[in-house]
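Quick notes on the structure that follows.
For reference, positions follow the sequence shown, starting with 1.
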Amino acid sequence: MSDLPEYYFRIRENGAALFRVDTQNRQRRIEMTELAAINVKNGNVRAHGDHVLTDEEKAVITEWIMERREVLAERDLDDIHRAVDYLNLTTHWAQSRASDEDLEDVTDRLLLAMHDLRSVLVRKKADRLMKGG
């Protein structure tokens, strides 16, 4: 059991809870003591209860926040690439397999979403061109 890390991060919606992992007890059980709550978006860290974070714990948290932000950014970009694939698959579905009822059910929502996306993309592209020129 000594292969376990000293700290464990339980992922939550906007961050994580940090726990200290302890296996050095009489029953040889894994005990986890909550140390802090971490918000990845704004970087806020709140110690749990009366616990005062040590410099080591603060360093572990800082490193984890940086790594977590990188992972989330990579996932965001991967999700966008998947969205492009889904748009292509949706086009194929609409052209080859969708019934009139299916199309009636989704057409307005798809058109509005695509119009909204197109408007944002065109505006952002124009902004980038203006900055570059």
Check whether any side-chain heavy atom of [X] lies under 4.5 Å from a side-chain heavy atom of [Y], and answer yes or no.
| X | Y | value |
| --- | --- | --- |
| W64 | L18 | no |
| H48 | L35 | no |
| E67 | V71 | no |
| I38 | I65 | yes |
| D78 | R82 | yes |

- Item | Verdict with reasoning, H115 to L111, per side chain to side chain contact (heavy atoms under 4.5 Å, CB included) | CA-CA 6 Å; H115 174 75; L111 286 172; over 6 Å; no

May I ask you to check whether D102 and S99 show a side-chain donor-acceptor distance below 3.5 Å?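 Present: a donor and an acceptor within the cut-off.
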
Straight-line distance of T33 OG1 to D22 CG, nearest 0.5 Å: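 It comes to 6.5 Å.
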
Atom pair OG1 (T90) and CD (Q95), whose distance is rounded to the nearest 0.5 Å: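 Answer rounded to 0.5 Å: 12.5 Å.
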
Partner of K124 under side-chain contact (heavy atoms from CB on, under 4.5 Å), picked from V120, V122, L121, is V120

So salt bridge (charged side-chain N to carboxylate O under 4.0 Å, His left out) across residues 42-60, not counting sequence neighbours, yields R20-E57

Can you give me the closest heavy-atom contact between [X] and [Y], atom names plus distance?
| X | Y | answer |
| --- | --- | --- |
| R12 | A37 | NH2-CB, 3.1 Å |
| D105 | R109 | O-NH2, 2.9 Å |
| P5 | V21 | O-CB, 3.3 Å |
| R68 | V40 | CG-CG2, 3.9 Å |
| N42 | R69 | C-NH2, 4.0 Å |

Is there a path of hydrophobic side-chain contacts, each under 4.5 Å between heavy atoms, that joins [X] and [Y]?
| X | Y | value |
| --- | --- | --- |
| M32 | I11 | no |
| L72 | I61 | yes |
| L87 | W93 | no |

In terms of side-chain geometry, is the basic nitrogen of R75 or D79 positioned less than 4.0 Å from the acidic oxygen of its partner?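 D79 and R75: not salt-bridged.
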
Sequence neighbours excluded, the answer for ring pair (Phe, Tyr, Trp, His ring centres under 6.0 Å) partners of F19 is none

